[in-house]
Amino acid sequence: MFTIQTIRKDFPALAQKVYGKPLIYFDNAATTQKPTPVTAVVNEMHNLTNGNIHRAFHYLGNICTERYEEARETVRAFLNAPSTEEIVFTAGTTAAINTVAFSFGERFVRTNDEIVLTEAEHHSNIVPWQLLCERKGAVLKVLPINDDGSLPVEKLHQFLSKKTKLLCITQASNVLGVINPVKDIVATAHAHGVPVLVDGAQGAAHGGIDVQDTNCDFYVFSGHKLYAPTGTGVLYGKQKLLNEMPPYQSGGEMIASVTFEQTTYAGLPLKFEAGTPNFTGVCGLKKAIDYVQELGWTLVKKQEEKLVRHAMQRLQEIDGLHIYGTTMPKTSLVSFNIDGIHPTDAAQLLDKMGIAARSGHLCADPLMHRFKIQGMLRFSFSFYNTTEEIDAAVAALKKIKQMLH
Ligand code: PLP
């Protein structure tokens, strides 16, 4: 029913030229382009249907409240969460992790307790836990990864003990692309009585997760990596935990009653949604999820798998090119280096050829130290990319190699 060429028509950004060259957009792990049905919803709400939610009893306020709560139901169904009370809207993955780090930390973490992470985490799933450990006198423990980028799940139990309060793992690494066996990891952690937060920033756009099947305790993701507006994101948390956790930010909407002597809080999920939320963005997020579901996750996954396999194969034609994260399954990204070429020099030259790639530490400094390098080049694909674009990028890299050597 859909072809890549017809799908691309929904993404006007892909049809533009940069420096006079057709844009090849390979930075989808950083943020994805937005389809017109999503921008249409946001524009329509900004132009016409704009009323603050959950407080006004006028026409526009009521419509926006209804749409916002419909979006919550769409996200609930996307994650197969038992209840919409467990779906908190945030500004993104980082905001969601900080919410848990503060709120869960206040309630459950004490001196000498431990938080366990893996070596493959994004800075957003490291620094909030470091700050928590500093505040509480707790200890951060890090599970190293294997050379191929996989996690040694069989060693995880050595890192878990009665002192462990939370395990925080990425669903898929934004550097290596490697998809972690979340269900097994959660089962191992639960066997030690340890709850698990899954960073879904690199998982949501590739199908998300079934939170009941995996049984994770928290799942977080960003809308802008899932074809939705920036400034949107989701924190899923098990009701029992969210109920026990204190509010993170405070202000309007998260209260039940306020006097100068005492404030009581709203129930879930509003307890964690202080102030006016990004309700237009959230309605865009709903449209983005509907859009991808209409294409079908089967099509999305098939196309993205084809792209990553093609890229891995074609890139290996280049002498001196090293790929990081060689194990499967992988999301649709490839990070690599070419001997003697600084990744940022290559990225700048690619840019002038119309190819948007990412370079540098990729917000994962510890992984750069792990591989004893300063940075990498990364191509990350979406279902709207093509094998022809990959061929053009490989040809561009070959040219750059000649130029720089
Ligand atoms: N976690 C991972 C694995 C990511 O890839 C990213 C962003 O690239 C983040 C967290 C942070 O996401 P955001 O900047 O949207 O909050």
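Just so it is clear, the model here is predicted, and its values are computed rather than measured. Read the numbers this way: they start at 1 and go in the same order the structure lists the ligands and their atoms.
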Atom 4 (C) of ligand 1 has as its nearest protein heavy atom His122 CD2, 3.2 Å
Ligand 1 atoms nearer than 4.0 angstrom to some heavy atom of Thr93 are 10 (C), 12 (O), 16 (O)
Test salt bridge (charged side-chain N to carboxylate O under 4.0 Å, His left out), reference Glu389, set Arg8, Arg314, Lys21, output is Arg8
Atoms of ligand 1 under 4.0 Å from any heavy atom of Gln202, numbered from 1 in the order shown, are 3 (C), 4 (C), 5 (O), 8 (O)
Discussion item. Taking a cutoff of less than 4.0 Å between a non-hydrogen atom of the residue and any ligand atom, is His224 in contact with ligand 1?
Written reply: yes
Residue, atom and distance of the protein heavy atom nearest atom 10 (C) of ligand 1 read Asp199 OD2, 3.4 Å
Flag Thr94 as yes when one of its N or O atoms lies below 3.5 Å from any N or O atom of ligand 1, and as no otherwise. yes
Return the orientation label for the Phe221 and Phe78 ring planes: parallel under 30°, perpendicular over 60°, tilted otherwise.
perpendicular
What class does the angle between the rings of Phe381 and Phe26 fall in, given that below 30° is parallel, 30 to 60° is tilted and above 60° is perpendicular?
perpendicular
Any heavy atom of Thr170 under 4.0 Å from ligand 1? The part involved is side chain
Note: ligand 1 atoms sitting under 4.0 Å from heavy atoms of Ser222 are 12 (O), 13 (P), 15 (O), 16 (O)
Practice prompt. Inspect the surroundings of NZ in Lys306 and state if more than 12 heavy atoms from other residues, nucleotides or ligands are less than 6.0 Å away.
Written response: no
- Query: Are any non-hydrogen side-chain atoms of Leu14 and Gln33 less than 4.5 angstrom apart?
  - Reply: yes
- prompt: Below 4.0 angstrom, N of the basic side chain to O of the carboxylate: do Glu69 and Arg72 qualify?
  reply: yes
Atoms of ligand 1 under 4.0 Å from any heavy atom of Ser124, numbered from 1 in the order shown, are 10 (C), 11 (C)
Worksheet item: Between His361 and His123, what is the ring plane arrangement, given parallel below 30°, perpendicular above 60°, and tilted in between?
Response: tilted
Quick look: Lys225 vs ligand 1, heavy-atom contacts under 4.0 Å, and the answer is side chain
